[in-house]
Structure formats: structure tokens, C-alpha cells
Amino acid sequence: MSHDGRYDAIVIGVGGMGSATVYELARRGLRVIGLEQHDIPHDRGSSHGVNRIIRLAYWEHPAYVPLLRRAYELWRELETGRGEQLLYITGSLDAGRADSKTVAGSLRSCDIHALPHELLSAEDVKRRFPGYRLAPEMMAVFQPEGGFVLCERAIVNYVEAAIDLGAEIRAREPVVSWTPLAEGVEVRTATATYVAARLVLTAGPWAAALVPQLKALARPERQVMLWAQPRVPSLFQPDAFPVFNLDAPEGHFYGFPIFGPPGFKIGKYHHRHEAVDPDRMDRDCHTEDEAVLREGIRTYFPDADGPTIAMKTCLFTNSPDEHFIIDRHPTHQQVTLAAGFSGHGFKFCSVVGEIMAELALDGVSRWDLELFRLSRFNVRG
């Protein structure tokens, strides 16, 4: 349908966060258009590579747990509405020394929010999940509701659901500029100009290109994912191997059971500490990248240490404190933004879509967003 270039809302960036936001705006009856510079889905940002971890025992901060509960509800609602499974439950392990951020933080969230969990010794973990070989001094918090979400399929389902509700989607249409108007915004792309009452920016690693105030607050970082063919595949099946976060002397690893590509999947937070421009970054994978991840596999998952099946680059977009940035623009109240998800955002896409729709429509959300406000960085217009 055409609205003569005028809309109630424009969403820039139709990846994980943007696809959910377009859907949530459309389901509220708004005339909405989503603008994406790449394909839908694409492999240039932070929402590709088959799946992303979802976990309830959130070590980063207890304030995330209510949002996670809502995220689970909305993922299941999307599954029911579309008839496709997107959320897979494996349980989750947050592992490390007793005083590590993963173990201590996970226990804190479990205690505050009364989450069912078990505290396991390294030997307990090995006996129960034989694919793991934690160091003797380590322990792990097992939370039964952890698992993973299929990231590309989630985006496709949100986009399809939004289109069914009348939303318009434009892919391969890069945004050139946006300009605040007396009542609304004007967005120019490489091929058209659009006007709307509201603008939502969910541009992932390109956020700072659209909002200069985010330059020091939403910094893209190169990441690499690796899939290894296990020596003993039965130990790394979804019913035998929980998703994990592992705080180890070698770094902070995360990973998944076999799903999609025939391999155990592993990544490492802040892989090689490479700050990058998303339009110019090295998207090839190298022996140095494999070495970083092989160290984690050989040390803690030796039965997964078989041939490499696949490797893929992706991006984190890090905020200074690694908490999200979800707020209205510092000077233009008709503009809302979500950025800086710091490598742990995708699981929240479903609820962030709801939050962004609320902020765009009402200026406030039912959820406590204090942790995510731009004001914590003393941002000025």
C-alpha cells in the first residue's frame, strides 16, 4: 500500500531489534515503514549465524530478568502466531570460579527473582553433561529455562507478520540522512524521501553514523563464531548439552549444542579486541581467529575438538558499561533509539520491539528502563 511517502513511523534498521519494532508498531495500527540497507535477513551485522543464547539467570544485572520473562512470552507468542518454532530450551550453565562475574551474578539474579537453579561443582557438571570439562576450581549455575533463539528465522517471521499487518519494508535501501521537522521527521534514502510523525533508530553497528552523540557510546567490535565437528557428537546434542557462558582465565566463552551446521558452536566475548568500522571491517576468518576459539575448545570441551565445520564474523556494538542504550533522542523527542547491545541483546529483541513501540507512541514504557538511559553518559544534544 502507498501513503504518498507519509507514515506514522519510520524504523531505520530491520535486523533483530528493528523487525520486532516494525511488527509491534504495525500491530498497534500504525502506518509504518522499515528501511534496511542490506538484505533481510543479512550477515553484515549482529543477527546472523543460526542462533543466539537466551537465558534467565542473568549475570549482567538482575534488572534484566523481568524483561527476559516478557521476552520469553513474546517469543512464544510469535511462534504460535506464525506456526514455527524459534525458541529451543536446553538449560543454561553460567560457569567460572565462585567469585566470577558469571557465577556470582547469575546467583544474584536467581536469588532476587526466585529463579529455579542448581549450583554444580565441576565434577557435577562433567557427570551430568559429559561434554563439559570445567577446571576443578570452577562451578556452574544451571538454570533449566535457558536455550537459544533462531536469529535469522526470528527476523523473517517478524517481517512477515508485520507485512501481514500492513507494514511496508524496503531492503537494499540505504539511508542518506534524517532531518527533524516541526512535526515529525524526514528520511532520505538513496532512492526516495519519506516523512513520518516518529522515527525509530535500530541500526546496530551503524547507530553512530545516524546519531553522532553515540560515536563514543556504541562502538562496533569484530567477533568470530566457530562451529567444530565434535569427536563425540552425542555429547553435544541439544538434549545433552546446555548453552553456556564460561568465565575462564583464557577469556569469556559462550556456546551452543549442535544445531543447524553439524557442529558445536563457540564464541568469545571481545574476541581479539578489534574496534572496527562496519563498512570496512575484515569479514574473512583467519587462523588467528581459529586459534582464539580452539584454546577454549581444547581446554574445556575436548570432545568437541574435531575439524572446523564453519566460521563466521559478526559484530558486537559495545556501550561503555555494556548495558543497553534505549531512550529518546537527547534533543528530538519524536526520535527514539536502541543501540549498544554489547553482545547480549538478541534474546531481548521481542521485548525491545514492544518497548520501542511504547516509547515511540507514548514517550514512556511500562518497563523500568533506568539502566538503559542515555543520561547515564551525560549526553548532550
Side-chain angles (χ1 to χ4, degrees), residues 9 11 13 15-30 32 46-47 52-79 81 86-87 105-106 108-115 143 145-146 149 154 158 161-162 198-204 207 214 217-218 317 319 321-330 333-377 379:
V11 177
M17 301 299 171
S19 62
T21 300
V22 171
Y23 168 73
E24 290 289 348
L25 288 165
R27 81 189 294 199
R28 287 161 173 77
L30 271 71
V32 57
S46 307
S47 301
R52 291 291 184 275
I53 290 172
I54 187 168
R55 50 195 167 84
L56 202 50
Y58 222 65
W59 58 263
E60 288 87 343
H61 197 287
Y64 288 94
V65 176
L67 296 179
L68 281 160
R69 285 180 161 143
R70 180 59 174 158
Y72 274 86
E73 289 177 4
L74 290 170
W75 286 125
R76 291 187 166 116
E77 187 180 294
L78 181 63
E79 288 181 318
L86 302 167
L87 173 62
S106 178
R108 182 177 172 221
S109 283
C110 287
D111 291 344
I112 289 173
H113 294 285
L115 302 177
Q143 209 288 321
E145 291 154 279
V149 178
Y158 266 131
R198 307 163 187 85
L199 175 63
V200 182
L201 302 172
T202 50
L214 294 178
L217 306 179
T317 306
S319 75
D321 60 9
E322 298 191 4
H323 293 306
F324 307 160
I325 299 169
I326 302 175
D327 210 341
R328 296 167 90 172
H329 189 281
Q333 294 299 290
Q334 70 273 45
V335 181
T336 51
L337 54 92
F341 287 94
S342 305
H344 63 112
F346 193 91
K347 64 184 76 66
F348 293 91
C349 287
S350 57
V351 68
V352 169
E354 183 174 72
I355 289 168
M356 298 310 290
E358 291 174 346
L359 288 179
L361 278 170
D362 307 321
V364 294
S365 171
R366 77 185 90 168
W367 300 103
D368 180 4
L369 304 180
E370 195 60 37
L371 187 62
F372 312 129
R373 296 200 185 285
L374 264 173
S375 57
R376 71 190 194 271
F377 302 120
V379 173

Show your working on side chain to side chain contact (heavy atoms under 4.5 Å, CB included) between Leu74 and Glu77 and close with a plain yes or no. CA-CA 5 Å; Leu74 290 170; Glu77 187 180 294; 4.0 Å; yes

Across all chains, not counting sequence neighbours, the side-chain hydrogen bond (donor to acceptor under 3.5 Å, both in side chains) partners of Glu79 are none

How close do Leu214 and Ile325 get, heavy atom to heavy atom, and via which atoms? CD2-CD1, 4.3 Å

Set of residues satisfying side-chain hydrogen bond (donor to acceptor under 3.5 Å, both in side chains) with respect to Ser350, sequence neighbours excluded: Trp75

Contact summary for Leu86 and Ala154, nearest pair of heavy atoms: CD2-N, 3.9 Å

Heavy-atom check, side chain of Leu361 versus side chain of Arg198, under 4.5 Å: yes

List the steps, then state whether side chain to side chain contact (heavy atoms under 4.5 Å, CB included) holds for Phe372 with Leu67. CA-CA 12 Å; Phe372 312 129; Leu67 296 179; 3.6 Å; yes

Are Leu359 and Ile326 side-chain neighbours, meaning at least one heavy-atom pair lies under 4.5 Å? yes

Closest non-hydrogen contact found for Leu25 with Ala360 is CD2-CB, 4.3 Å

Does Ser46 reach the side chain of Phe346, with side-chain heavy atoms less than 4.5 Å apart? no

Verify, without hydrogens or angle tests, whether Asp327 (side chain) and Leu374 (backbone) share a donor-acceptor contact under 3.5 angstrom. yes

Counting only N and O atoms by type, is there a donor-acceptor contact under 3.5 Å from the side chain of Asp362 to the main-chain atoms of Val364? no

Begin from the C-alpha positions of Val200 and Leu337 and carry the test side chain to side chain contact (heavy atoms under 4.5 Å, CB included) through to its verdict. CA-CA 6 Å; Val200 182; Leu337 54 92; over 6 Å; no

Can you check whether Leu369 reaches Ile355 side chain to side chain, under 4.5 Å on heavy atoms? yes

Show every salt bridge (Lys or Arg N to Asp or Glu O under 4.0 Å) that has at least one partner inside residues 334-353, sequence neighbours left out. none

Taking the side chain from His61 and the backbone from Ala63, do they hold a donor-acceptor pair closer than 3.5 Å? yes

Using salt bridge (charged side-chain N to carboxylate O under 4.0 Å, His left out), reason through Glu370 and Arg373 one step at a time and then give a plain yes or no. CA-CA 6 Å; Glu370 195 60 37; Arg373 296 200 185 285; 3.3 Å; yes

Could you pull out the closest heavy-atom pair between Pro62 and Ile112, with the gap in Å? CG-CD1, 3.6 Å

Residue list, side chain to side chain contact (heavy atoms under 4.5 Å, CB included) with Asp321, at least two apart or on another chain: Ser319, His323, Arg376, Phe377

With sequence neighbours left out, what residues match Gln334 under side-chain hydrogen bond (donor to acceptor under 3.5 Å, both in side chains)? none

Has the side chain of Thr202 got a donor or acceptor atom that lies under 3.5 Å from a matching backbone atom of Gly13? yes

Donor-acceptor pair, distance only, cut-off 3.5 Å: does the side chain of Arg28 make one with the backbone of Glu24? yes

Does the pair Leu87 and Ile54 meet the rule for a side chain to side chain contact (heavy atoms under 4.5 Å, CB included), with working shown? CA-CA 9 Å; Leu87 173 62; Ile54 187 168; 3.5 Å; yes

Flag side-chain contact, heavy atom, 4.5 Å: Trp59 against Arg108: no

Decide yes or no for Thr336 and His329: does some side-chain heavy atom of the first lie under 4.5 Å from some side-chain heavy atom of the second? no

Any donor-acceptor N or O pair under 3.5 Å, side chains Tyr58, His344: yes

Does the side chain of Leu201 come within less than 4.5 Å of Met17's, by heavy atoms? no

Look only at the side chain of Ser19 and the backbone of Gly16, and say whether a donor-acceptor pair between them is shorter than 3.5 Å. yes

The ring-ring contact (aromatic ring centres under 6.0 Å, His included) partners of Tyr72 (sequence neighbours excluded) come to none

Between Arg55 and Gly146 (side chain of the first, backbone of the second, donor and acceptor by atom type, cut-off under 3.5 Å), is there such a pair? no

Parallel under 30°, tilted from 30 to 60°, perpendicular over 60°: which one fits the rings of Tyr64 and Phe324? perpendicular

Side chains of Val22 and Tyr158: does their closest heavy-atom pair fall under 4.5 Å? no

side-chain hydrogen bond (donor to acceptor under 3.5 Å, both in side chains), that's the test. Do Glu358 and Ser365 meet it? Break it down for me. CA-CA 5 Å; Glu358 291 174 346; Ser365 171; 2.6 Å; yes

How long is the gap from CG on Leu68 to CG on Leu115, to the nearest 0.5 Å? 9.5 Å

